[in-house]
Trainee: 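I have a structure I would like to understand better, so I am pasting it below and will then ask my questions one at a time.
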Amino acid sequence: MDTDRPAAVDPLDAEVEFLTPGLRSDLLERWNEPRRRYHNETHLRAVLRAVDALESDGEAFDGTAVRLAAWFHTAVFDPTESENNDKSAAFTEKALDPAAPVDEVARLVRLMGGHRVEAGDLNGAVLSDADLAVLGADPETYDTYTQDVRHEFAHVPGERFVAGRIASLEALLERRSVFLTRAGRDAWEKQAHANLNRELGLLRAGASA
């Protein structure tokens, strides 16, 4: 599965039910806020492309709900706050047409706060895998991701950031698999472990220096 292949339609332009032109414009403005370095339009596009790739590779899920949740996850973003997903879900509940699957979209947005997806949650598994697909990217793309995340959290002192990052990487590597869908594991699992272990080694070496 190749999420880097040229796409005929930019996923940011692709039609999604209930995503009106006005709402799309508002969300893109949010995704392009100056404070964002990683959680920006580029990330949104990558997540939507990963959703498309998982669907093309045979994963079954509610495409409308998952794509709407991709658009709304971290629609509210402040790197100094810890409740971005809850605030984004609350915004979702206000902004979406009541005819849309509002409850499911808001649930998925909240779920991205910790990527704790229960067995059998197909929508959650696909969105989680799409959001984490960068972990299985080529090393150069992965390194850019880590640099952009550090930039967003520049307000966090170095030692505290490294300790938190190490804990996050260890938690991912302790999971049975980073990715929850069969297609996600086939596409990204091996490279994700290589990237995560490489970063973890660098962080540990720096912390002990």
Side-chain angles (χ1 to χ4, degrees), residues 1-7 9-14 27-54 70-82 84-85 88 112-115 126-173 175 177-180 183-207 209:
M1 180 168 57
D2 182 6
T3 54
D4 295 324
R5 62 180 179 272
V9 178
D10 186 329
L12 298 183
D13 296 328
L27 286 168
L28 284 175
E29 186 175 339
R30 289 169 176 270
W31 281 97
N32 283 296
E33 291 166 338
R35 75 183 77 185
R36 298 171 184 255
R37 179 71 169 262
Y38 173 68
H39 293 91
N40 57 18
E41 179 182 298
T42 299
H43 172 61
L44 172 60
R45 180 181 287 108
V47 172
L48 290 167
R49 280 184 174 154
V51 170
D52 291 344
L54 291 168
W71 274 90
F72 277 96
H73 90 285
T74 60
V76 177
F77 180 72
D78 182 344
T80 67
E81 298 288 337
S82 61
N84 290 308
N85 291 93
S88 294
M112 292 304 96
H115 291 270
V126 167
L127 184 60
S128 178
D129 281 7
D131 192 37
L132 296 178
V134 67
L135 303 182
D138 62 87
E140 182 178 357
T141 299
Y142 183 87
D143 289 346
T144 298
Y145 144 72
T146 63
Q147 293 161 14
D148 289 346
V149 168
R150 183 64 183 111
H151 185 276
E152 283 186 343
F153 293 91
H155 61 281
V156 179
E159 288 187 5
R160 185 152 64 90
F161 178 85
V162 169
R165 185 70 181 170
I166 286 174
S168 296
L169 297 178
E170 289 176 338
L172 284 166
L173 288 167
R175 290 165 53 155
S177 60
V178 174
F179 298 100
L180 305 174
R185 288 191 296 272
D186 288 350
W188 304 312
E189 190 77 22
K190 182 178 180 180
Q191 186 59 47
H193 276 259
N195 287 331
L196 294 168
N197 279 304
R198 179 170 60 87
E199 183 189 0
L200 189 57
L202 291 171
L203 291 173
R204 285 173 171 164

Trainee: Is the shortest side-chain heavy-atom distance between Leu44 and Leu27 below 4.5 Å?
Mentor: no

Trainee: Test Arg35 against Asp78 for side chain to side chain contact (heavy atoms under 4.5 Å, CB included), laying out the working first.
Mentor: CA-CA 8 Å; Arg35 75 183 77 185; Asp78 182 344; 3.5 Å; yes

Trainee: What is the distance from atom CG of Asn197 to atom CZ of Arg204, rounded to the nearest 0.5 Å?
Mentor: 8.0 Å

Trainee: Of all the heavy-atom pairs spanning Tyr145 and Arg165, show the shortest one and how long it is.
Mentor: OH-NH2, 3.1 Å

Trainee: Are Phe72 and Asn85 close enough that some pair of their side-chain heavy atoms sits under 4.5 Å apart?
Mentor: no

Trainee: Inspect the contact between Arg175 and Glu189 and indicate whether a charged nitrogen and a carboxylate oxygen are less than 4.0 angstrom apart.
Mentor: no

Trainee: Are the side chain of His155 and the backbone of Pro79 linked by a donor-acceptor contact shorter than 3.5 Å?
Mentor: yes

Trainee: Give me the atom names and distance for the closest heavy-atom approach of Ala50 to Trp188.
Mentor: CB-CH2, 4.0 Å

Trainee: Under 3.5 Å, side chain of Ser88 to main-chain N/O of His73, donor-acceptor pair present?
Mentor: no

Trainee: Calculate, to the nearest 0.5 Å, the distance between atoms CG and NE2 belonging to Asp131 and His39 respectively.
Mentor: 6.5 Å

Trainee: Just checking, Arg150 and Phe161: is the charged tip under 6.0 Å from the six-membered ring centre and within 45° of the axis?
Mentor: yes

Trainee: Measuring from atom OG1 of Thr144 to atom CD of Gln147, what distance do you get when rounded to the nearest 0.5 angstrom?
Mentor: 5.5 Å

Trainee: Under a 4.5 Å cut-off applied to non-hydrogen side-chain atoms, are Asn195 and Leu135 in contact?
Mentor: no

Trainee: Side chains of Val134 and Tyr38, heavy atoms from C-beta outward: is any pair under 4.5 Å?
Mentor: yes

Trainee: I want to check something: taking the side chain as every heavy atom from C-beta on, are Val47 and Trp71 in contact at a cut-off of under 4.5 Å?
Mentor: no

Trainee: To the nearest 0.5 Å, what is the distance between CG on Asp148 and OG1 on Thr42?
Mentor: 8.5 Å

Trainee: What pair of heavy atoms forms the shortest contact from Ala183 to Leu54, and how long is it?
Mentor: CB-CD2, 3.7 Å

Trainee: Considering all heavy atoms of both residues, which atom of Leu172 and which atom of Val178 are nearest to each other, and what is their separation?
Mentor: O-CG2, 3.9 Å

Trainee: Taking all atoms of both residues into account, what is the closest heavy-atom pair of Val51 and Ala130, and its distance?
Mentor: CG2-CB, 3.6 Å

Trainee: So does Leu180 get a backbone contact from the side chain of Asp129, meaning a donor-acceptor N/O pair under 3.5 Å?
Mentor: yes

Trainee: Do you see a donor-acceptor pair shorter than 3.5 Å between the side chains of Glu199 and Tyr142?
Mentor: yes

Trainee: Do Arg36 and Glu152 have side chains that get closer than 4.5 Å, going by heavy atoms?
Mentor: yes

Trainee: May I ask you to decide if Lys190's main-chain N or O and His193's side chain share a donor-acceptor pair within less than 3.5 Å?
Mentor: no

Trainee: Should Arg198 and Asp143 count as side-chain neighbours, where that means a heavy-atom distance under 4.5 Å?
Mentor: yes

Trainee: Which heavy atom of Phe179 sits nearest a heavy atom of Ala192, and at what distance?
Mentor: CE1-CB, 3.7 Å

Trainee: Taking salt bridge (charged side-chain N to carboxylate O under 4.0 Å, His left out) as the test, write out the residues that go with Arg185, two or more places apart.
Mentor: none

Trainee: Does the side chain of Glu170 reach to within under 4.5 Å of the side chain of Leu200, using non-hydrogen atoms?
Mentor: yes

Trainee: Roughly how far, to the nearest 0.5 Å, is CG of Leu173 from CG of Leu196?
Mentor: 5.0 Å

